[in-house]
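Since the structure comes first, as structure tokens, the remarks are kept for the end.
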Amino acid sequence: MRLYHSLLVFFLILFLGCTNDSSDSDTESEVKTYTLPVSVTPSEGGTVSPSSGTYDEGKSVELTGTPSTGYVFKEWTGGVTGTTNPISVTMNSNKYITGVFELKDTDGDGVTDDIDTCPDTPSGETVDENGCSDSQTDGDSD
């Protein structure tokens, strides 16, 4: 009986020692990392920073879209969506994100500034392909 008791204590100590060692090493190696590749559309529309990276799980990354001249930031698509700029992304998986930019339309007439020959169209007026309404092209004011 004494031999049985001694063997039981020995195996119990051995078992507890092994489980403690392995759980400590498992905890240390469980840090996950995720990738964050970022793209821009159209490519000439602007930049996003950071442009890519690898981050630990739970890390918060702030993405900022900066438009090129003649463009405005429109939205984020992919692993995060919305129009907030900059935007904060929590890394809990691999995220593929696109910063979307569009040409400016300052007067909101549906014709972008790069081709709008009448940049101050009154609100609500219908315009031609050049961005001009009838009131803007009527030279004799009748």
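One-based numbering along the sequence shown. Any value given below was found using the heavy atoms of this structure, including those in side chains, with hydrogens, waters and symmetry copies removed.
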_Intermediate values then yes/no, side-chain contact (heavy atoms from CB on, under 4.5 Å), Tyr55 and Leu36_ = CA-CA 8 Å; Tyr55 301 94; Leu36 176 64; 3.8 Å; yes

*asked:* Hydrogens and angles aside, do Asp105 and Thr112 bring a side-chain donor and acceptor to less than 3.5 Å of each other?
replied: no

*Establish, from distance only, whether the side-chain atoms of Asp109 and Thr121 form a donor-acceptor pair under 3.5 Å.*
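A donor-acceptor contact under 3.5 Å links the two side chains.
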
Side-chain donor-acceptor contacts of residues 86-103 below 3.5 Å, not counting sequence neighbours, with atom names and distances?
residue : atom : partner : partner atom : Å
Ser88   : OG   : Ser60   : OG           : 2.7
Asn92   : OD1  : Lys95   : NZ           : 3.1
Asn94   : OD1  : Thr35   : N            : 2.8
Asn94   : OD1  : Thr35   : OG1          : 3.2
Thr98   : OG1  : Ser39   : OG           : 2.9

*Quick one: pull up NZ in Lys104 and OG1 in Thr69 and give me the separation to the nearest 0.5 Å.*
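One gets 7.5 Å once the value is rounded to the nearest 0.5 Å.
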
_Residues Cys132, Thr137; criterion side-chain contact (heavy atoms from CB on, under 4.5 Å); working and verdict_ = CA-CA 7 Å; Cys132 298; Thr137 57; 3.7 Å; yes

Is it true that a side-chain atom of [X] and a backbone atom of [Y] form a donor plus acceptor pair closer than 3.5 Å?
X	Y	value
Asp56	Lys59	no
Glu125	Pro122	no
Thr117	Asn130	yes

*Share the residues that join Val72 in a hydrophobic cluster, the rule being Ile, Leu, Val, Met, Phe, Trp or Tyr side chains under 4.5 Å apart at the heavy-atom level.*
none

Looking only at non-hydrogen atoms, find the nearest pair between [X] and [Y] and report the distance.
X	Y	answer
Pro50	Val61	CG-CG1, 4.0 Å
Pro42	Tyr71	CG-CE2, 3.9 Å
Asp120	Asp107	N-OD2, 3.7 Å

*asked:* One pair to check against side-chain contact (heavy atoms from CB on, under 4.5 Å): Val48 and Trp76. What are the steps and the verdict?
replied: CA-CA 10 Å; Val48 173; Trp76 302 105; 3.8 Å; yes

_Quick one, Ser133 and Thr126 - any side-chain contact, counting heavy atoms below 4.5 Å?_
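Not touching, per the 4.5 Å side-chain cut-off.
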
